[in-house]
Every structure is written in structure tokens, then in C-alpha cells.
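In the text below, chain A, chain B and the rest are named by the order of the sequence lines, each starting its count at 1.
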There are 2 protein chains.
Amino acid sequence: MSRSGLQKELKKKSAFESLEQEVTLAILRTNDQLQIRFARLFREFGLTTSQYNVLRILRGEGKPLPILEIAERTVTVVPGITGLIDRLEQAGHVKRERCLEDRRVIYVALTDQGKRTLASLDKPVVALHAKVLARLAPSELKELVRLLEKARAAMSEESAD
Amino acid sequence: MSRSGLQKELKKKSAFESLEQEVTLAILRTNDQLQIRFARLFREFGLTTSQYNVLRILRGEGKPLPILEIAERTVTVVPGITGLIDRLEQAGHVKRERCLEDRRVIYVALTDQGKRTLASLDKPVVALHAKVLARLAPSELKELVRLLEKARAAMSEESAD
DNA sequence: TCGAATTAGATGACGCGTAAACTAAACTCG
DNA sequence: CGAGTTTAGTTTACGCGTCATCTAATTCGA
């Protein structure tokens, strides 16, 4: 690295253009760090974050759900859910069941293997949640939630203007 | 990113397993909402968020940067940057310049078109930053930054254990 | 009843993040 | 000098989000 020595100090931008931008970047970076850590955990169990979320939704519901129901509850948009379910099915975590009354509908059900994988992740997930935020006091966590939800509430109003 | 992420929240179970999990989810959802809005803006100008970030880095530096320098400053991991630069080059926003002293190095430089596109985005970007967080008082914004940075600081310590 | 609209879901194309393997140029050190 | 190593960057492969388009089943309206 012949020349990168002096470039390094320039790397840190000291001045933000606005406080709002600073917040946006802080949220973005914090989210990235969280995602990385959870994705790493899920990968140890052969799952991606999206796949884990789908399994969680199915377990939470306690019964099979139509594919579009699942898509609705994730950030995933409709076309993406198909392949996601494909891979979960291929891995044996879920199975598709065609609805008899309305043959357009396809139910997705957790398999026993899916339930086992999910169960084995429960403790590590809770532990990771606690670990990544261990330095914040409960009062700070509550304040964080409050501020973030206030921000989001403002955004959803704004989108209807 | 989905267009309908926020209506779904009503459907969410009200009971969280832990306060930490609630924070994680709040960060996640807020980030999603921010991403959606900015991505939408960038797309109007023919850019993705990643592409915009690269252009911003180049402008911020004020001079051409080696590809790996750019990758280092984004969340993008090395192999992903190649295609990203490819597309930016194809769209005429940047150009590649091989370094003469070290022929392994390829500099990426903003073109005039890239500068123009970036300039035309400046006002809308600032406006959107202000808009999405308009409901939060400056003291709240500062507190949000403080809490998020505290969380991230804890995470980066934890990762070295 | 027949044709139009609607709905569930799949498909294909593209952008991007991630990991692994690879090429080419430069460096190191005996 | 020459073999091994490091470094810059690309390629390939896969998962996923997004969009546009498609098919098949259902429903609705004249």
C-alpha cells in the first residue's frame, strides 16, 4: 500500500450537512450492523434472514398460511416470495398444500424439521438480541423505541400527502 | 423494498419477547421506510441507492479513487463493487482510468454527467431528509443519534470478543 | 351464460450483497 | 534472479428485492 497512508485520514467526514442526515445515516449503519450479526447466526443454521422470518410468521400463526398472506407480513414483495418458499420447501422446512375450495390458493405449512430448526434458534436469537444491545439501559431502549416510532409515524403521514 | 411495509404493522402481535427485540424491530422497520423513500427518489434520476452513494463518495473526495477505496467506504463488499462501477460507467456517470504507476489499480472518476446528476439531486435529497424526520425536535434527533451510536459502539466491541 | 375484471401465484429480467475461486501485477526474500 | 506471497480487481454462483408480464382459477355483470 504505497499511497493509501495519507488518504486514510481524509476518510472520516467530520461535517454533516444536516442533523437529519446524521440521523438517517446512524439508523442505516446501525441497521447494517444488526443485519450482519443476525444473518451470520441464521446462516449457521442454513437459513437466510428472510427465510427465518417466514418460518417465524408460520409458527406465530400456528397454522398454514396462503403464500400471499406470508408476503403481506414480510417486507418481501409478491414475486420474491415464490422463490423464497421454493428454497424453504427444497430444504424441507415447509411444504406447499393446494387449497381444495379455491384451487388458486396454495397453503404453506411448517414441517417438523422446520419447527425443529426454529426451536434450536430460539435461545441463540434471544441471546443475540440481548447481546447487541447490552450496553443500553432499559430506559434508553424505551426511548429509542419511542423516537423511532415517532419518526415512522411521521413518515407514514407524509406519504399520504 | 416493498411499497406496503407499514400497513402490516397493525397485524403484528403486540407482545414482544423482549425489549431488545422491540428495539431491533423498530430499527429495522424505520430503516426500511427510509430506504424506500430514498430509493424512490434516486430512481427518478436513474440511480439506485448504492450508485448514488458511490457518486457521493467520489464527489466528496474531489478526485478519482481506486475501486477498492470506494468499496471500503460503502457497505459493499469487494466483488459487488465491480458490477456497480460497470453500470455507473455504462450510464456515463463515471469512467475508469488505469493507474500508470501500478497497473493493477483502476481509478474511478466522476464524469461531467455524473456531477450534473448529483447536483440535480442535492436539493431533493436535503428536502427529503428534512421531510422524513420533520416531526422530531432537534433535541430528539440528537438523542436518537446518541443512542444509535452507543448501540453501535457496543456492537463493535462485542464483535472482537 | 358468456365475456370482462379480479385474484393467487409463477416467471423472467435486472440490481445488488455475499462468498469462493481466479487472473494479473507488484512485492519479498532467499 | 526466481519462487512464493500479497494486492487489485474480476468472474461466477446464489439469495433476494423489485418490476413487468404471464397463467390459471374465480367472480361479477350485462
### Message
Per the ring-ring contact (aromatic ring centres under 6.0 Å, His included) rule, what does the pair list look like for residues 102-147 of chain A, sequence neighbours excluded?
### Response
A/F38-A/H129

### Of all pairs that satisfy ring-ring contact (aromatic ring centres under 6.0 Å, His included), the ones with a partner from residues 48-103 of chain A, not counting sequence neighbours
A/F42-A/Y52

### Task
Report the hydrophobic cluster partners of A/L100, with the cluster defined as I, L, V, M, F, W, Y residues connected by side-chain heavy atoms closer than 4.5 angstrom, directly or transitively.
none

Would you mind reading off the distance between [X] atom [atom1] and [N] atom [atom2], rounded to a whole angstrom?
| X | N | atom1 | atom2 | value |
| --- | --- | --- | --- | --- |
| A/L28 | C/dG17 | CG | P | 12 Å |
| A/F42 | D/dC14 | CZ | C1' | 19 Å |
| B/I67 | D/dT7 | CD1 | C1' | 14 Å |
| A/I81 | D/dG15 | CD1 | P | 15 Å |

Who passes salt bridge (charged side-chain N to carboxylate O under 4.0 Å, His left out) against [X], sequence neighbours left out?
| X | answer |
| --- | --- |
| A/D102 | A/R104 |
| B/R87 | none |
| A/K123 | none |
| B/R146 | A/E140, B/E143 |

### Task
Summarise protein proximity over nucleotides 11-16 of chain C in one line of letters, 5' to 3': B for base, S for sugar-phosphate only, - for none, counting protein heavy atoms closer than 4.0 Å.
BB--SS

### Terminal helix-axis angle for the helix from C/dT1-D/dA30 to C/dG30-D/dC1, with five pairs defining each axis and rounding to 10 degrees
10°

#### Entry: Set of side-chain hydrogen bond (donor to acceptor under 3.5 Å, both in side chains) partners for A/R96, sequence neighbours left out
A/D86, A/E89

## Note on the structure
Contacts of A/Q51 meeting side-chain hydrogen bond (donor to acceptor under 3.5 Å, both in side chains) (sequence neighbours excluded), chain-then-number -> none

### Query
What heavy-atom pair brings A/M155 and B/T30 nearest, and what distance separates the two atoms?
CE-CG2, 3.9 Å

### Query
Do any side-chain nitrogens or oxygens of A/R43 fall under 4.0 Å of OP1 or OP2 in C/dA19?
yes

### Message
So if I take residues 92-111 of chain A and measure heavy-atom distances to DNA chain C, which residues fall below 4.0 Å?
### Response
A/R96, A/R104, A/V105, A/I106

